[in-house]
Amino acid sequence: KAGVTQTPRYLIKTRGQQVTLSCSPISGHRSVSWYQQTPGQGLQFLFEYFSETQRNKGNFPGRFSGRQFSNSRSEMNVSTLELGDSALYLCASSLGGNQGYTFGSGTRLTVV
Amino acid sequence: DAKTTQPNSMESNEEEPVHLPCNHSTISGTDYIHWYRQLPSQGPEYVIHGLTSNVNNRMASLAIAEDRKSSTLILHRATLRDAAVYYCILRDSNNAGNMLTFGGGTRLMVKP
């Protein structure tokens, strides 16, 4: 059974650019969440989607957005990149309810 | 989500049991206790979760205090591959838009 797949694994962008990260959840998982991990702030929740609807959103500026497609695949977008957006972005999928989340290996974004 | 308190770090010897404590004195009746771990250069990995009763799976055991204000993750025989940051997280089963609120976790070091 394939795990959660995130692409790309590494990305270097320039300040002011925008970026789109992709996440393919485990087959059958309808809940997809995104997290940002930095050395200073640790793991922080960005947003969660279930059946193409955003159910929950973390405390991040509007430059961070996401969406989920009918096949449960999800993308997150960051516009007008800032140096502080450099981080590991993790996607996690779940069947929903109280089941555990399966995380991908993440996309490491570096903004220069 | 209610907060959890964990020691910053712990050390263990290989092949010995490890007891990782977590305090959650403000836990509510609908909060599940989840444990995740994050190995170096990987995304978090689900370990175990429970509500009131002790739980066992192939990875670990979860012992929950009778008043639910604390819990302990038990690794029965630590291996070098168990060296990771372990996160204790409370998830409200009433919240449809589930998210994981990560604290600092406990960094487990395993000595050969």
Side-chain angles (χ1 to χ4, degrees), chain A residues 1 3-7 9-10 21 23-26 29-60 64 66 68 87-108, chain B residues 1-6 8-9 27-53 55-60 62 64 68 71 73 84-107:
Chain A
K1 183 172 171 180
V4 176
T5 303
Q6 292 188 246
T7 56
R9 287 296 309 275
Y10 302 92
L21 311 181
C23 172
S24 293
I26 289 175
H29 284 193
R30 294 163 65 189
S31 170
V32 175
S33 299
W34 289 88
Y35 291 81
Q36 180 197 66
Q37 186 171 28
T38 59
Q41 299 297 319
L43 277 152
Q44 292 186 288
F45 171 76
L46 280 157
F47 25 68
E48 189 237 358
Y49 289 87
F50 186 87
S51 294
E52 302 178 67
T53 300
Q54 186 182 89
R55 292 199 298 188
N56 217 340
K57 190 178 193 306
N59 189 25
F60 278 82
F64 291 81
Q68 186 180 33
L88 180 66
Y89 289 88
L90 291 155
C91 168
S93 75
S94 169
L95 283 169
N98 286 300
Q99 298 306 304
Y101 278 93
T102 301
F103 282 79
S105 297
T107 294
R108 183 162 297 281
Chain B
D1 287 334
K3 285 192 172 179
T4 62
T5 304
Q6 300 177 253
N8 289 336
S9 63
I27 191 171
S28 74
T30 54
D31 284 332
Y32 277 77
I33 302 158
H34 284 247
W35 284 81
Y36 283 76
R37 71 179 185 180
Q38 188 171 22
L39 280 66
S41 303
Q42 295 187 28
E45 174 187 29
Y46 166 80
V47 177
I48 199 167
H49 77 281
L51 183 63
T52 55
S53 304
V55 185
N56 300 295
N57 66 19
R58 63 174 180 80
M59 288 180 71
L62 176 59
I64 302 172
R68 299 187 73 232
S71 61
L73 180 71
V85 178
Y86 287 78
Y87 297 98
C88 169
I89 299 165
L90 301 182
R91 287 182 68 185
D92 183 357
S93 60
N94 282 340
N95 184 357
N98 275 323
M99 65 181 192
L100 300 174
T101 302
F102 287 86
T106 296
R107 182 173 297 278

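Per chain, numbering begins at 1; letters A, B, ... match sequence-line order. The structure displayed is predicted, hence computed values, not measured ones.
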From [X] atom [atom1] to [Y] atom [atom2], the distance as rounded to the nearest 0.5 Å:
| X | Y | atom1 | atom2 | result |
| --- | --- | --- | --- | --- |
| A:Tyr101 | B:His34 | OH | NE2 | 9.5 Å |
| A:Leu43 | B:Gln38 | CG | CD | 5.5 Å |
| B:Leu100 | A:Leu90 | CG | CG | 11.5 Å |

Are there over 12 heavy-atom neighbours, none belonging to B:Arg68, within less than 6.0 Å of that residue's CZ?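 Yes - once you tally the heavy atoms of other residues, nucleotides and ligands closer than 6.0 Å, there are more than 12.
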Decide yes or no on ring pair (Phe, Tyr, Trp, His ring centres under 6.0 Å) for B:Phe102 and A:Tyr35, but give the supporting numbers first. CA-CA 10 Å; B:Phe102 287 86; A:Tyr35 291 81; 5.7 Å; yes
With only heavy atoms counted, which part of A:Ser105 is less than 4.5 Å from chain B, the side chain, the backbone, both or neither?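 Contact with chain B: backbone only.
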With a 4.5 angstrom heavy-atom cut-off, which part of A:Gln37 approaches chain B: side chain, backbone, both or neither?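 Only the side chain of A:Gln37 comes within 4.5 Å of chain B.
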With distance as the sole test, does B:Arg91 use its side chain to make a donor-acceptor pair with the main-chain N or O of A:Gln99 at under 3.5 Å?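 Side chain of B:Arg91 to backbone of A:Gln99, a donor-acceptor pair under 3.5 Å: yes, one is there.
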Could you go through B:Tyr36 and A:Phe103, starting from their C-alpha distance and side-chain angles, then the distance that decides it, and tell me whether this counts as side chain to side chain contact (heavy atoms under 4.5 Å, CB included)? CA-CA 10 Å; B:Tyr36 283 76; A:Phe103 282 79; 3.9 Å; yes
Shorter than 4.5 Å, heavy atoms on both sides: which option in B:Gly103, B:Pro44, B:Gly104 has the most such pairs with chain A?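 Highest number of pairs under 4.5 Å: B:Pro44.
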Please determine, among B:Gly43, B:Gly105, B:Ser41, the option with the most heavy-atom pairs under 4.5 Å with chain A.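 Winner by heavy-atom pair count: B:Gly43.
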